[in-house]
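Only one structure is covered here, and it is reproduced in the block below.
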Amino acid sequence: MSSCCTPDGSCGTGAGDTAVAVADSTATTYRVSGMSCGHCRSAITSSVGVLDGVLSVDVDVDGGLVTVTTAGDPDDAAVAAAIDDAGYELTGRAV
């Protein structure tokens, strides 16, 4: 069995040779109603996570908050539509 690790502990697959830089990322937190469980978290994460420019989605079910990190400015309308498509309601941005 071979390993991709080199003796110095770095990766020998070449995967480390390519860096992806995100110059401007923005984390925006939205208030979302209708969430109550882990299924809600999964549905929103899946729906919002596929939008162009979305880097990550963090869902706080208990707090009713969804934080979306995007490359650049978020598209609020697209995020709202994705949350709506998942069966929930974006009620505004959290301050």
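No hydrogens, no waters, no symmetry mates; every other heavy atom, side chains included, goes into these values.
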Practice task
Would you mind reporting whether Val32 and Ile44 have side-chain heavy atoms less than 4.5 Å apart?
Solution key: yes
Exercise for the section: State, to 0.1 Å, how close Thr69 and Ala27 come at their nearest heavy-atom pair, and which atoms those are. Expected result: OG1-CB, 3.9 Å
Handout entry: Minimum side-chain heavy-atom gap Leu55-Ser25 below 4.5 Å
Key = yes
Exercise for the section: Identify the heavy atoms of Ala86 and Ala43 that sit nearest to each other, and give their distance. Expected result: CB-O, 3.9 Å
Exercise for the section: Please check if the side chain of Thr45 supplies one atom and the backbone of Arg41 the other of a donor-acceptor pair under 3.5 Å. Expected result: yes
Problem - Flag side-chain contact, heavy atom, 4.5 Å: Cys40 against Val59 - result: no
Problem - Separation of Asp24 CG from Asp73 CG (nearest 0.5 Å) - result: 8.5 Å
Exercise for the section: Evaluate the side-chain proximity of Ile83 to Val48: yes if any heavy-atom separation is below 4.5 Å, no if none is. Expected result: yes
Exercise for the section: Report whether Leu65 and Tyr88 are members of the same hydrophobic cluster (ILVMFWY, side-chain heavy atoms less than 4.5 Å apart, transitive linking). Expected result: no
Handout entry: From OG1 (Thr91) to OH (Tyr30), nearest 0.5 Å
Key = 12.0 Å
Practice task
Write down the atom of Arg93, the atom of Arg31, and the distance for their closest heavy-atom approach.
Solution key: O-NH1, 2.9 Å
Problem - Spacing of CG belonging to Leu51 relative to OG1 belonging to Thr70, to within rounding of 0.5 Å - result: 10.0 Å
Exercise for the section: Measure the spacing between CG of Asp76 and OG1 of Thr28 and express it to the nearest 0.5 Å. Expected result: 6.5 Å
Exercise for the section: May I ask you to decide if Ala82's main-chain N or O and Ser47's side chain share a donor-acceptor pair within less than 3.5 Å? Expected result: yes
